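From a predicted model like this one, the values you see are computed outputs, not experimental measurements. The analysis underlying the following values was restricted to heavy atoms, covering all of them including side chains, and did not include hydrogens, waters or symmetry mates. Chain letters run A, B, ... following the sequence lines, proteins first, then strands; residues in each count from 1.
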There are 2 protein chains.
Amino acid sequence: MTTLAGRASSPTLDEVAELAGVSRATVSRVVNGSPKVRPEARRAVEEAVARLRYVPNPAARSLVTRRTDTIALVLSESDTQVFSDPFFARVVRELSAALADTEMNLVLLAARGEREQEKVARYVRQGHVDGVILMSLHSQDTLPAVLAEAQVPLVLSGRPLDGRTVCYVDADNAGGAREATEHLLAGGRRRIATVSGPQDMIAGIDRHAGYRAALEAAGIAPDADLVATGDFTEAGGARAMALLLERAPDIDAVFVASDPMAVGALRTLRESGRSVPGDVAVVGFDDAAVAATSDPPLTTVAQPLDEMTRLMTDLLLRQVEGDAEVQARVCPTRLVVRASA
Amino acid sequence: MTTLAGRASSPTLDEVAELAGVSRATVSRVVNGSPKVRPEARRAVEEAVARLRYVPNPAARSLVTRRTDTIALVLSESDTQVFSDPFFARVVRELSAALADTEMNLVLLAARGEREQEKVARYVRQGHVDGVILMSLHSQDTLPAVLAEAQVPLVLSGRPLDGRTVCYVDADNAGGAREATEHLLAGGRRRIATVSGPQDMIAGIDRHAGYRAALEAAGIAPDADLVATGDFTEAGGARAMALLLERAPDIDAVFVASDPMAVGALRTLRESGRSVPGDVAVVGFDDAAVAATSDPPLTTVAQPLDEMTRLMTDLLLRQVEGDAEVQARVCPTRLVVRASA
DNA sequence: TTGAAAGCGCTAACAC
DNA sequence: GTGTTAGCGCTTTCAA
């Protein structure tokens with residue numbers, strides 16, 4: 001009588017309960033995996049659920065539980081085409097993997113430009129998700145502050161540029177870059193150029209700092225001719241490398257500050273017919289595209305991206321569970337030397 | 001008394017109502033922009049909302065409205081690294097833009113592999129979103145069928161491979177490819193090679209069909225040596241082009257079936273030192289990376305991606321509004337010749 | 001134009 | 001182990 005034929009009005013707990021001959025509460029227990037249900041009752045409920053194709057209504061559920069079982073990965077950028085960066089593809093993959101056998105769902109929110117960032121902020125503040133992993137790319141981004149102030153469980157991917165005390169996970173980019181550069185120095189090189197990353201992104205800044213620190217420790221004065229900056233993309237790396245070859249023909253070795261830039265830089269090197277006596281050293285997330293390149297000898301220092309994403313989800317879920325202690329902890333991660341030419 | 005100090009328990013409609021000295025219903029009307037509210041009352045409510053930093057609880061709201069004001073873009077892939085394809089970046093951008101001044105939110109759901117696809121299917125079936133735009137990439141994908149059967153408002157990006165009668169939006173890939181090839185034929189070319197796309201993806205299939213149709217219409221017999229298949233990536237395009245140059249040194253002109261492949265193919269061409277007498281013609285989404293290339297002469301045939309995404313959102317929102325008529329409509333879109341060398 | 005009241009579908013005490 | 005009951009915060013008739 002009450003069924004609107006045709007309409008896809010999905011069945012409720014009560015209907016399942018009636019069909020199974022038990023109460024709403026028992027159905028709820030079965031659906032939520034409570035152990036305190038008699039096997040027979042459980043079976044009856046399960047059968048009714050299957051027959052009715054019952055699916056719990058998440059709105060009703062989260063109205064009372066105050067949870068959504070969903071976290072968001074927010075990609076906040078001002079305008080650039082960062083979405084097609086292979087690094088993000090990897091992060092998404094690793095995050096999905098980390099949540100695979102959890103009840104947690106992952107949604108991606110793209111926030112490019114001010115309007116979209118506001119929309120995303122509203123979405124999050126409304127409580128659509130239990131927590132946020134935020135990749136904020138440039139220093140001018142306001143989303144980290146907005147979300148932090150909104151008291152949403154939050155983990156930043158990458159150290160915040162403004163020293164804010166929020167939870168974050170980052171690789172030891174400076175240490176890794178230094179390590180890579182030291183490797184080149186150990187090979188006897190002195191004219192070590194660098195394809196650096198953008199200096200308004202923390203990874204770019206830190207990696208460049210590591211490069212400089214290694215040189216300084218070796219008593220080598222910085223030389224502006226040996227520094228070219230790319231935007232972390234393949235094309236940017238190619239352009240930067242071309243610039244370096246033109247400006248400083250006596251380059252000894254090269255330190256490149258990201259995988260895609262390395263792909264571009266190595267290609268420029270090959271195409272130019274030139275070569276450098278030493279290796280090319282790369283710090284990045286260990287993209288297959290770089291690992292596949294073997295033409296010029298290559299040293300890579302890789303972020304443990306799987307560990308990092310696992311750490312991020314751990315920290316976020318702990319906050320979601322109400323563990324406020326974790327709120328202000330910082331969680332650096334060491335880089336790992338992967339291969340050496 | 002009832003306020004848990006410390007806890008960020010957000011204010012409710014009742015609290016706003018009390019502070020504003022009106023009833024819950026009036027607050028609701030103001031929040032939802034109903035015109036039937038006296039200006040004074042409205043002002044009082046707005047002030048209270050601001051003071052309390054009130055944000056409506058979406059769970060409570062959608063429990064009664066049966067809407068979530070959110071749609072999902074689902075990226076369904078078996079395993080490949082499609083997430084870093086610049087094409088998706090563009091689609092996401094255009095979709096966000098299309099929804100920018102709507103109340104609708106957009107979330108991205110990554111479904112790679114069977115387990116994630118099931119998780120996404122459950123998420124959608126539970127009613128977390130009002131509708132889905134689905135990019136299903138390969139023919140084996142089961143998600144289109146699952147979601148279609150779940151009665152969720154659905155628009156497919158790209159014609160379904162199995163002729164299912166679901167709503168979709170696609171470009172006229174066959175027509176565009178044919179047009180591009182005919183352009184090469186009109187230039188007097190007869191040995192026209194092709195860097196084709198994967199033959200388990202509808203865009204790959206259709207574009208290849210268009211190429212073949214053009215040749216056939218010109219009375220040219222197909223030659224397997226002139227066909228190399230890539231995976232729609234830059235690297236794949238480069239490899240395919242190398243293969244073509246090796247197998248058929250007498251190539252006249254080349255038709256490439258996607259932008260990233262064109263970037264790769266053109267690079268291979270340049271690096272090889274070889275050139276083809278005619279142009280390279282590309283059909284794709286008009287990536288800036290291709291448009292920027294001017295070394296070998298280039299003809300591009302582009303999908304109107306902004307129109308297509310707008311059409312997708314229109315069709316989806318119409319379904320969400322309950323316009324069932326649209327359910328089975330198919331919505332082809334013509335390709336547009338952009339430039340000619 | 002406004003308020004009172006009924007529920008949306010679910011979970012979680014609490015009593016049995 | 002199971003059922004009863006009381007809300008979660010909101011929208012929406014229906015009267016006033």
Side-chain angles (χ1 to χ4, degrees), chain A residues 2-4 7-46 48-49 52-69 103 125-128 130, chain B residues 1-4 7-46 48-49 52-70 103 125-128 130:
Chain A
T2 347
T3 33
L4 297 163
R7 279 267 166 205
S9 120
S10 44
T12 70
L13 261 195
D14 292 275
E15 303 180 45
V16 176
E18 189 178 4
L19 181 57
V22 296
S23 77
R24 250 194 355 256
T26 299
V27 178
S28 178
R29 289 189 188 101
V30 171
V31 169
N32 293 303
S34 158
K36 319 178 128 228
V37 179
R38 230 182 12 194
E40 326 157 32
R42 177 183 306 283
R43 239 193 326 279
V45 169
E46 279 165 351
V49 164
L52 261 34
R53 298 166 164 276
Y54 168 75
V55 262
N57 179 328
R61 172 178 287 180
S62 72
L63 182 55
V64 35
T65 61
R66 269 123 209 305
R67 301 216 4 189
T68 62
D69 294 332
E103 59 182 359
R125 282 218 317 267
Q126 282 187 141
H128 273 108
D130 292 336
Chain B
M1 308 270 168
T2 349
T3 33
L4 298 163
R7 281 266 166 206
S9 117
S10 44
T12 70
L13 260 194
D14 292 274
E15 303 179 44
V16 176
E18 189 177 5
L19 180 58
V22 297
S23 77
R24 245 184 15 244
T26 300
V27 177
S28 178
R29 290 188 188 102
V30 172
V31 169
N32 293 304
S34 158
K36 320 179 129 227
V37 178
R38 232 183 11 197
E40 326 157 32
R42 177 182 305 283
R43 240 193 324 278
V45 170
E46 279 166 351
V49 164
L52 261 35
R53 298 166 165 277
Y54 168 76
V55 262
N57 178 327
R61 174 178 286 181
S62 72
L63 182 56
V64 33
T65 61
R66 262 112 216 307
R67 299 214 7 186
T68 62
D69 295 332
T70 304
E103 58 180 1
R125 281 219 317 267
Q126 282 187 141
H128 273 109
D130 292 336

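Atom P of nucleotide C/dA12 and atom CZ of A/Arg67 are separated by 11 Å, given to the nearest angstrom. Going from atom CZ of A/Arg66 over to atom P of C/dA12 covers 12 Å, rounded to whole Å. Per the geometry, CD belonging to B/Gln126 stands 15 Å off P belonging to C/dG9, to the nearest Å. For the pair A/Leu63 CG and C/dG7 P, the interatomic distance rounds to 17 Å; values are reported in whole Å.
At a threshold of 4.5 Å between non-hydrogen side-chain atoms, the residues B/Pro58 and A/Gln126 count as touching. A heavy-atom distance below 4.5 Å is not found between the side chains of B/Thr68 and B/His128.
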Heteroatom pairs (N/O) under 3.5 angstrom, protein to nucleotides 10-13 of chain D:
| unit_1 | atom_1 | unit_2 | atom_2 | d |
| --- | --- | --- | --- | --- |
| D/dC10 | OP1 | B/Tyr54 | OH | 2.4 |
| D/dC10 | OP1 | B/Asn57 | N | 3.2 |
| D/dC10 | OP2 | B/Leu13 | N | 2.4 |
| D/dC10 | N4 | B/Arg24 | NH2 | 2.9 |
| D/dT11 | OP1 | B/Asn32 | OD1 | 3.4 |
| D/dT11 | OP1 | B/Asn32 | ND2 | 3.0 |
| D/dT11 | OP1 | B/Arg61 | NE | 2.8 |
| D/dT11 | OP1 | B/Arg61 | NH2 | 3.2 |
| D/dT11 | OP2 | B/Ser28 | OG | 2.7 |

(message) Walk me through whether B/Asn32 and B/Arg61 qualify under side-chain contact (heavy atoms from CB on, under 4.5 Å).
(response) CA-CA 11 Å; B/Asn32 293 304; B/Arg61 174 178 286 181; 3.3 Å; yes
(message) Test side-chain contact (heavy atoms from CB on, under 4.5 Å) on B/Val22 and B/Arg42; report intermediate values, then the result.
(response) CA-CA 10 Å; B/Val22 297; B/Arg42 177 182 305 283; over 6 Å; no
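Using a 4.0 Å heavy-atom distance criterion, A/Ala41 is classed as a sugar-phosphate-only contact.
Look at B/Thr26 and you'll find a side-chain N or O under 4.0 angstrom from OP1 or OP2 of C/dG3. Between B/Ser62 and C/dC8 there is no side-chain polar atom (N or O) within less than 4.0 angstrom of OP1 or OP2.
Considering every non-hydrogen atom in both A/Glu15 and A/Ser10, the closest pair reads OE2-O, 4.4 Å.
From A/Arg38, atom CZ reaches atom CZ of A/Arg43 across 10.5 Å, with rounding to the nearest 0.5 Å.
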